[in-house]
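Read the structure below first, then the notes.
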2 protein chains.
Amino acid sequence: MAAAVRRLVATAGLDAATVAGVAREAGFSVGLVQHYFKSKDDLLLFAYRQVTEDVHDRVAARIADGVARQRPISAVLFDSLLELLPLDDARRAEYRVSRAFSGRALDNETLAEVARAGAADVRDQLAVAVHNGKECGEVEPDLDPALAATRISAVVEGLADQLYRDPERRVGTRTLRSAAEELVRECLAGVFTGECRQYANAKR
Amino acid sequence: MAAAVRRLVATAGLDAATVAGVAREAGFSVGLVQHYFKSKDDLLLFAYRQVTEDVHDRVAARIADGVARQRPISAVLFDSLLELLPLDDARRAEYRVSRAFSGRALDNETLAEVARAGAADVRDQLAVAVHNGKECGEVEPDLDPALAATRISAVVEGLADQLYRDPERRVGTRTLRSAAEELVRECLAGVFTGECRQYANAKR
DNA sequence: GCCATAACCATATCGACGTACGGTTTTGAG
DNA sequence: CTCAAAACCGTACGTCGATATGGTTATGGC
């Protein structure tokens with residue numbers, strides 16, 4: 001049912017996510033939707049939470065995989081961050097949904113809270129990664145993980161916006177897509193300046 | 001009349017910007033609104049354009065002032081970019097409006113076009129500034145202005161999102177606000193690496 | 001087999017909104 | 001002064017969407 005919401009929002013925007021519309025899309029009756037969600041806001045909130053959770057899980061999976069394979073933290077982060085960019089249709093759709101909700105969050109404190117939590121989550125994951133980077137020699141010891149996390153997430157968020165708005169744009173002679181990848185790489189390189197010389201078994 | 005739209009959107013969100021509501025807010029009748037705008041979409045589009053134009057003008061004024069006073073480009077840019085961040089109530093309100101519209105732009109190609117143009121405008125101004133920076137020795141000659149502009153605008157956009165979402169957040173021991181300022185400064189420092197040794201009278 | 005509970009449905013209600021319409025007043029050029 | 005155009009107003013209409021209501025049909029523990 002939440003999937004129906006997400007499909008509708010992704011294809012036709014939040015305004016198209018009417019109760020009747022969701023019911024039709026999901027193949028249920030209006031009454032059933034009401035049975036499970038006491039109001040439309042509830043339904044939307046649930047769907048939004050689910051989206052942010054999905055993103056979180058996808059990133060967490062990438063990180064777990066990287067840890068298991070003992071890759072350098074910076075490389076794992078690079079892959080994880082690309083996961084957040086709208087680089088294919090699936091992620092574009094996901095981005096549409098996220099942005100639509102974050103737009104409504106402007107005047108809905110409940111949704112705003114979800115948005116805040118989602119953003120805090122990626123920042124925290126980044127900060128932990130930077131912190132761990134110190135222990136295995138990839139990061140300078142006196143670098144502030146919180147500040148670095150803020151910068152990295154800002155870059156990624158800003159690039160996501162640009163990629164979504166105009167995916168066909170060219171930056172000089174290259175595609176925006178390749179430019180974005182380079183900028184993420186570069187940004188990480190500014191933090192993970194050292195060689196990975198030991199593989200800590202730290203979490204994340 | 002557009003001012004009424006902006007006030008409503010800023011205080012109560014796009015959904016509150018109904019034709020009757022705008023009329024009331026502006027002190028006019030519904031009929032008059034219709035007289036000037038053939039549809040509600042027209043009205044919103046006009047208001048959105050006006051907002052982006054205002055932002056453009058504010059930034060352009062900052063730049064013109066900097067040029068007149070022959071300040072280093074990097075310093076002028078720093079001030080200009082801070083202008084884009086939601087650092088006080090006025091800019092927060094403006095940011096709310098912009099974001100609300102950019103949310104609706106997700107499923108409205110006309111609005112999306114405005115958003116694209118606005119973003120392109122900022123980037124172009126940045127690219128020109130970087131280019132000019134080369135001529136007066138602030139920027140390495142072989143640096144790609146388009147790429148630099150993409151990076152800078154991404155950072156600023158991402159920081160704006162973070163500042164809006166959670167203005168009270170702290171980054172380590174400092175405020176997000178001061179962290180954001182430092183990150184912008186730092187980002188510019190990565191591009192404008194040289195001393196300003198001559199003041200070109202180039203535009204912007 | 002009983003029956004409470006959950007799953008499920010169709011329709012009615014009611015408010016809100018965009019727009020159409022028919023009107024009056026103001027204005028300013030000739 | 002004239003009169004057409006523009007400014008301006010209030011209301012009515014039709015639509016659509018959220019929610020309420022009053023149901024019927026499974027389901028599963030006893």
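Remember, it's a predicted structure, so these values are computed and weren't measured experimentally.
Atom CD in A/Q34 sits roughly 10 Å away from atom P in D/dA18 (whole-Å rounding). Rounded to whole angstrom, the span from the NZ atom of A/K38 across to the C1' atom of D/dA20 amounts to 15 Å. Straight-line distance from the CG atom of A/D15 to the C1' atom of C/dA16: 14 Å, rounded to whole Å. Following rounding to the nearest Å, B/L45 (CG) and C/dG18 (P) show an atom-to-atom distance of 16 Å. When the C1' atom of D/dC9 is taken as reference, atom CZ of B/R24 falls 16 Å away, rounded to whole Å. We find that NZ of A/K40 is positioned 15 Å from P of D/dA20, with the value rounded to whole Å.
For the pair A/R92 and A/Y164, the distance from NZ or CZ to the six-membered ring centre is under 6.0 Å and the angle to the ring normal is within 45 degrees.
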Would you tabulate the pairs of protein nitrogen or oxygen atoms and nucleotide nitrogen or oxygen atoms of nucleotides 5-8 of chain D closer than 3.5 angstrom?
unit_1	atom_1	unit_2	atom_2	d
D/dA7	OP2	B/H35	NE2	3.1
D/dA7	O5'	B/Y36	OH	3.4
D/dC8	OP2	B/Y36	OH	3.1

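In the model, B/R96 has no side-chain atom that pairs as donor or acceptor with a side-chain atom of B/T11 under 3.5 Å.
Put simply, OG1 on B/T193 and CG on B/L188 are 12.0 Å apart, with the number rounded to the nearest 0.5 Å.
The two residues A/V22 and A/A4 have their closest heavy-atom pair at O-CB, 4.0 Å. Scanning all heavy atoms of the two residues, the minimum distance from A/R6 to A/V97 falls at O-CG2, 3.7 Å.
Distances shown here put a side-chain N or O of B/T18 below 4.0 Å from the OP1 or OP2 atom of C/dG18.
A donor-acceptor pair is defined here as one N or O able to donate and one able to accept, closer than 3.5 Å; no such pair exists between the side chain of B/K40 and the backbone of B/Q34.
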